[in-house]
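Naming: A, B, ... by sequence-line order, numbering from 1 per chain.
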Amino acid sequence: MADIIKNPRNGCALHGALQTVQEINGVVPVVHANAGCGVINYLANSKTTGGSARFSGYSIPGTAAQERHVIFGGASRLREQIKNTIKVVDGVLYVILNSCESAMVGDDVDAMTREIVEQHEPVVDTLIAGFNGGAHFGYEHVLADVFKSVYDVRLSETNKNSNLVNIFGIIPEKDPYWQGNIEEIKRILEGVGIKANVFFGVTGGIEDIDNAKNAALSIVFGRWGELPAKVLNEKFDIPVIQKAALPVNALEEKELIDEIGKVISLEQDVVDEFLNKELAYESNYYGRIRDEVIEHAIGKSVAIVGDEEQVIRLGRIAKDVFGAKIVAAILTDSLKKDEEHELNNDEVFASITSSVYKTSDQKDIDDIIRQSKAELVIGSSLEVNIANKAGIPLIEASYPIYHKSILNQSTSGVRGAVEFVSNYLTTVKQDEKEKTEELYNYLKQLKGQKTWQEHSSKRGQVKQLNLISELASKESI
Amino acid sequence: MAEKIGKHIAIYGKGGIGKSTTTSNISAALAEAGYRVIQIGCDPKSDSTNTLRGNNYLPTVLDSLREGNKIHLDDISVKGFGGVLCIESGGPVPGVGCAGRGINAAVNLLQELNLFEEFKPDYVLYDVLGDVVCGGFAVPIRDGITDRAYVVSSSDFMALYAANNLFKAINKYAPTGGAKLGGVIANSMKPGYHREIVEDFVAKTGTSIAGYVNRSIDVQQSELYGKTVIEAKPNSAQADIYRNLAKHIAENENLVVPNPLGSSELRDWARNWGDRIYDIESGVVGVAEAI
Ligand SMILES: Nc1ncnc2c1ncn2[C@@H]1O[C@H](COP(=O)(O)OP(=O)(O)OP(=O)(O)O)[C@@H](O)[C@H]1O
Ligand code: SF4
Ligand SMILES: [Mg+2]
């Protein structure tokens with residue numbers, strides 16, 4: 001019998017594709033599915049990553065297929081929906097997304113798309129259905145499918161730009177900090193004179209899709225994004241650089257820029273000046289917290305839960321800045337058994353931790369965290385329970401996050417790393433404060449009863465020595 | 001499901017094997033014997049009841065469903081020979097949509113329309129297309145819609161293969177209230193070893209033969225007139241064959257859960273017969289000796 005997966009955190013391929021498409025300004029998704037598919041995605045994301053800026057979940061154009069579309073096929077319903085969508089929703093490109101329902105029934109979505117394209121409307125489709133994979137898979141495949149056909153249905157200038165780079169791997173709405181991370185990588189590249197096609201959010205848009213073929217290079221951060229980069233490589237001969245994760249310090253930024261410099265000619269003095277500033281920025285802030293790191297004994301054992309790229313990135317920060325020991329790296333990417341990627345991160349992980357797990361089953365995740373004896377968790381809101389049970393602090397940084405509002409904050413690049421570090425420190429300090437207060441209240445209750453040392457000795461997890469000195473200074477004891 | 005009105009019988013079998021012809025003649029024979037009969041064609045071709053109603057036009061259940069109007073029983077049924085109520089589920093045009101789901105929807109709709117309460121049939125026959133290719137085509141033998149199924153087969157390997165697939169479906173659904181098997185209707189039987197092949201197959205699968213129907217020119221001729229043999233040639237020997245078959249099916253209560261052969265078992269069994277037939281045809285041994 002198949003196992004039950006508790007709290008799976010990844011949507012289906014349709015959801016990944018929908019998240020991707022709806023975050024490209026100018027692009028309109030048309031979902032060919034039974035009514036619930038788009039709404040599920042909205043319900044899942046509106047409370048975690050703020051939802052889409054352009055569509056409310058209920059307003060996404062869709063066919064809302066019903067039983068008769070299953071029996072007789074939904075192709076003509078789709079034709080109707082595409083035509084109506086073009087009439088009422090402004091867009092420069094319409095992307096048809098397929099669902100399990102239409103794939104099982106075998107609707108000829110391609111034929112419908114061709115028919116509308118023949119009427120000179122800018123429409124492309126992707127035939128991946130929900131059941132083909134998870135959200136990550138949907139992101140990769142919809143972009144690949146868009147690049148395969150968009151240049152045939154939409155006029156765009158072919159004009160190679162030796163300074164232009166395509167950025168892949170940051171999955172909109174799937175990385176809670178996707179928007180900030182996109183802005184940060186754009187900032188870094190612009191800092192050394194490179195123009196970045198980031199596609200998504202406020203800094204991206206359909207122009208980036210149009211221009212992707214003119215880029216001099218594609219960079220893929222993590223494993224998701226290999227496929228669209230490959231399509232552009234095959235069609236337009238655009239070389240690809242792949243990195244395990246976004247950079248998180250000045251050194252990694254330098255390594256990235258040096259690698260880009262082998263393909264794109266950069267002005268060395270501009271690069272040097274930029275990197276010096278990055279280093280100064282980083283040194284300044286990390287210098288400020290040096291004493292605190294020692295005082296609060298922050299070099300803890302840490303378990304990290306999230307998508308592979310995020311785990312690598314956040315693991316590097318925890319290790320390098322705080323001297324943390326990574327006792328468990330839990331990768332939640334929705335990998336299919338036969339998923340093919342060229343990226344092999346074995347060496348990267350070897351430098352971070354020896355305990356790498358791949359699962360998105362909450363029961364497994366909780367067990368791993370418990371057994372790892374971690375003193376701190378970096379994960380999602382789904383790890384709140386286990387963190388509470390284990391009495392350890394949780395830094396929410398991966399999908400899904402319910403208890404924070406994340407807009408343009410980031411967790412990558414020098415600036416995002418500093419932000420994350422401040423977040424980390426705040427969490428540790430607040431946790432200490434809460435525990436101190438808890439013990440303080442407890443001791444207050446005990447006044448006049450047995451000796452308080454006897455009672456406090458039962459509360460093993462509290463750092464007694466620290467507290468005794470701290471409490472002694474409080475008048476009420 | 002409420003107390004069932006009438007006996008509900010599903011007829012399966014490989015495409016083109018004679019399901020519709022046989023079912024229609026059984027319906028006609030039952031009607032002739034004074035029973036109230038409904039025949040429901042569960043096939044997008046919607047040709048199951050042609051010979052019961054002289055090839056006249058009959059809108060299908062799904063045609064009406066597609067139009068989305070309120071549906072009345074009168075719109076989708078017509079009385080044919082002997083008062084047999086003819087209904088065709090219909091379905092999508094070939095190559096689009098999902099016919100399996102269509103059958104499901106049509107059968108549900110007929111129940112919602114209180115077809116059985118209104119007509120009060122003694123027998124309801126479901127003529128289901130082809131092989132059981134997906135869950136949709138198993139609908140008539142699932143969920144207690146019918147309690148017995150028959151399979152039409154010749155002695156050809158592919159026909160028996162289809163029968164074996166039906167056995168697998170019955171075997172799967174019977175424990176949870178699905179239909180059981182009434183037997184195999186051996187159709188288009190030519191003289192010679194053909195009977196022995198089918199008999200050997202039913203013995204191996206723990207089933208039985210409900211009747212033998214000869215290959216007969218009367219069948220084809222009646223079909224050309226748009227009639228069943230019972231109607232067109234009531235005094236023929238073929239009509240009596242169908243009457244006997246109908247009587248057996250009406251009375252038979254010996255329903256079984258078959259033991260389908262595994263894929264390799266079925267292949268080996270067929271190969272074995274291949275060798276024997278070769279010997280028989282080339283005159284090495286007689287039929288009796290070969291078995
Ligand atoms: N016993 C028989 N003798 C002669 N002809 C027969 C006999 N049984 C069936 N046929 C002929 O075989 C042809 C196919 O029969 P029929 O339409 O009943 O098959 P079917 O199984 O319902 O096919 P389908 O799977 O296409 O619905 C018809 O032309 C019919 O007249
Ligand atoms: S898995 Fe299929 S049915 Fe479920 S939401 Fe995704 S596309 Fe829709
Ligand atoms: Mg037929």
Q) Closest approach of Arg66(B) and Arg68(A), non-hydrogen atoms and distance? A) O-CD, 4.2 Å
Q) Heavy-atom count around Lys363(A) NZ within 6.0 Å, excluding the residue itself: above 12? A) no
Q. Is the number of heavy atoms from other residues, nucleotides or ligands within 6.0 Å of CG (Asp90(A)) greater than 12?
A. no
Q) Which distance, rounded to the nearest 0.5 Å, do you find between the CD of Glu67(A) and the CG of Asn108(B)? A) 7.5 Å
Q: Give a yes or no on this: more than 12 heavy atoms of other residues, nucleotides or ligands lie within 6.0 Å of atom NZ of Lys230(A).
A: no
(Q) Under 4.5 Å from any heavy atom of chain A, what part of Leu62(B) do you find: side chain, backbone, both or neither? (A) both
Q: Of all the heavy-atom pairs spanning Ile71(A) and Ala105(B), show the shortest one and how long it is.
A: CD1-CB, 3.4 Å
